[in-house]
Amino acid sequence: MANTDTALSIDLNADLGETTGGNPVSDDSAMLNLVSSANVACGFHAGDPLAISRTVADAQANNVAVGAHVGYHDSQGFGRRFIDYTPAELAAETLYQIGALDALAQAHGTRVAYVKPHGALYNAIVYHESQAKAVIEGIKAFGRDLPVMLLPGAVAASHAEKAGLRVIHEVFADRAYNPDGTLVSRRERGAVLHDPQVVANRVVRMATEGVIEAIDGSTFQTQADSVCVHGDSPGAVAMAQAIADELRTHGVHIGSFL
């Protein structure tokens with residue numbers, strides 16, 4: 001989180017561009033009216049070129065930052081299954097995805113502004129040394145030092161910092177946390193929160209105090225530069241709207257970290 005001249009500021013991000021074969025996963029247009037950063041699929045876990053291109057164009061029209069949502073090459077599993085890549089493979093696939101999205105972004109007068117790993121890859125590089133290093137090497141190879149959005153404390157964060165890349169510390173609006181700051185597995189009951197007002201109140205506390213309540217009722221401090229609202233959750237638009245309204249009620253400006 002950061003202070004502006006007038007108010008506390010927080011970035012809101014959402015995972016978008018995941019429509020494949022005309023089957024939408026989220027209401028991208030509505031979400032782009034509420035968030036300040038869009039994690040746009042790059043075709044590996046979801047998204048086809050036309051849908052991705054349309055999402056990028058809408059992001060540009062709404063002055064929303066475009067991020068490359070790189071993931072495992074696993075459309076059948078929506079990128080939520082671990083893949084034991086060699087480091088060279090993972091670095092190359094990371095670079096490939098950023099480059100593909102950036103080509104579409106440039107066609108619409110914008111460009112990739114940051115990178116956020118997706119799904120199982122995001123979770124793996126919290127602790128998996130070789131994959132964390134490979135992802136950062138792939139990002140660094142792009143040739144433009146892009147900020148990387150990661151879970152606070154992730155192993156990948158230390159590799160990013162060593163590589164001279166800015167780390168954007170991310171928290172999740174609608175995901176439950178373990179007391180150690182990791183996310184509760186989606187396989188567990190209560191892993192995803194569904195009440196918009198409960199989630200909105202939680203986000204205000206994240207943004208203003210840097211405090212998260214864990215699934216067992218304990219609390220812990222964290223750094224929150226950006227808050228993720230999942231676009232593919234039921235009622236995602238209503239939840240994002242509740243969060244935006246509650247933040248503004250508490251004097252928190254919504255704006256990109258860039």
Side-chain angles (χ1 to χ4, degrees), residues 11 13 15-18 37-47 49 52 55-56 59 65-107 110-172 181-183 222-226 228 256-258:
D11 176 63
N13 77 77
D15 302 345
L16 303 174
E18 295 176 326
S37 297
N39 318 312
V40 182
C42 302
F44 271 29
H45 77 274
I52 294 168
T55 297
V56 169
V66 173
H69 204 26
V70 300
Y72 290 138
H73 203 171
D74 177 28
S75 59
Q76 287 189 325
F78 203 71
R80 289 178 176 162
R81 302 180 294 191
F82 176 78
I83 297 178
D84 191 15
Y85 281 99
T86 67
E89 285 177 308
L90 186 54
E93 292 200 356
T94 298
L95 174 59
Y96 180 94
Q97 291 175 80
I98 299 169
L101 182 62
D102 196 55
L104 292 173
Q106 289 192 48
T110 185
R111 63 180 187 170
V112 169
Y114 66 96
V115 177
K116 176 187 169 181
H118 165 80
L121 178 59
Y122 183 97
N123 292 327
I125 63 176
V126 171
Y127 61 88
H128 198 296
E129 282 282 351
S130 64
Q131 290 209 355
K133 186 176 181 182
V135 168
I136 299 306
E137 286 178 351
I139 296 170
K140 188 71 176 179
F142 181 63
R144 194 169 75 231
D145 284 352
L146 299 171
V148 192
M149 193 176 285
L150 298 165
L151 197 70
V155 166
S158 63
H159 285 291
E161 289 167 351
K162 289 175 185 175
L165 302 178
R166 179 184 173 192
V167 174
I168 306 303
H169 298 93
E170 180 183 38
V171 293
F172 289 81
T182 58
L183 297 173
T222 191
Q223 183 174 344
D225 299 319
S226 185
C228 179
S256 172
F257 50 81
L258 297 172

Worksheet item: Counting distance only, does the side-chain N/O of H69 pair as donor-acceptor with the main-chain N or O of A38 below 3.5 Å?
Response: no

Worksheet entry | D102 vs F142 side-chain heavy atoms within contact, under 4.5 Å | yes

Discussion item. Counting only heavy atoms not in Y96 (residues, nucleotides, ligands), do more than 12 fall under 6.0 Å from its OH?
Written reply: no

Worksheet item: Any side-chain heavy-atom pair from L121 and L90 closer than 4.5 angstrom?
Response: yes

Fill in: Backbone of G71 reached by a side-chain donor or acceptor of Q97 within 3.5 Å
yes

Discussion item. Once rounded to the nearest 0.5 Å, what's the spacing between atom CG of D225 and atom CG of N13?
Written reply: 11.0 Å

Worksheet item: What are the two closest heavy atoms between Y122 and L150, and how far apart are they?
Response: OH-C, 3.4 Å

Worksheet entry | Any side-chain heavy-atom pair of V167 and E161 under 4.5 Å | yes

Worksheet item: Going by distance alone, is a donor N or O of one side chain under 3.5 Å from an acceptor N or O of the other, for E18 and H45?
Response: yes

Discussion item. Around atom NZ of K140, are there more than 12 heavy atoms from other residues, nucleotides or ligands closer than 6.0 Å?
Written reply: yes

Item to complete: Check whether any side-chain heavy atom of I168 lies under 4.5 Å from a side-chain heavy atom of Y114, and answer yes or no.
Response: no

Discussion item. Taking atom CZ as the centre, does R111 end up with more than 12 heavy-atom neighbours from other residues, nucleotides or ligands that are less than 6.0 angstrom away?
Written reply: no

Discussion item. Could you check whether any side-chain N or O of R144 sits under 3.5 Å from a backbone N or O of V112, counting only pairs where one atom can act as donor and the other as acceptor?
Written reply: yes

Discussion item. With side-chain contact (heavy atoms from CB on, under 4.5 Å) as the test, pick out the partner of Q131 among T94, I125, I83.
Written reply: I125

Discussion item. Is there a side-chain contact between H118 and F78 in this structure, where contact means two heavy atoms from C-beta onward sitting under 4.5 Å apart?
Written reply: yes

Discussion item. Quick check: do D15 and C228 have side-chain heavy atoms less than 4.5 Å from each other?
Written reply: yes

Worksheet item: Are side-chain N/O atoms of S226 and D11 paired as donor and acceptor at under 3.5 Å?
Response: yes

Fill in: Aromatic plane relationship, F44 with H73 - under 30° parallel, 30 to 60° tilted, over 60° perpendicular
parallel

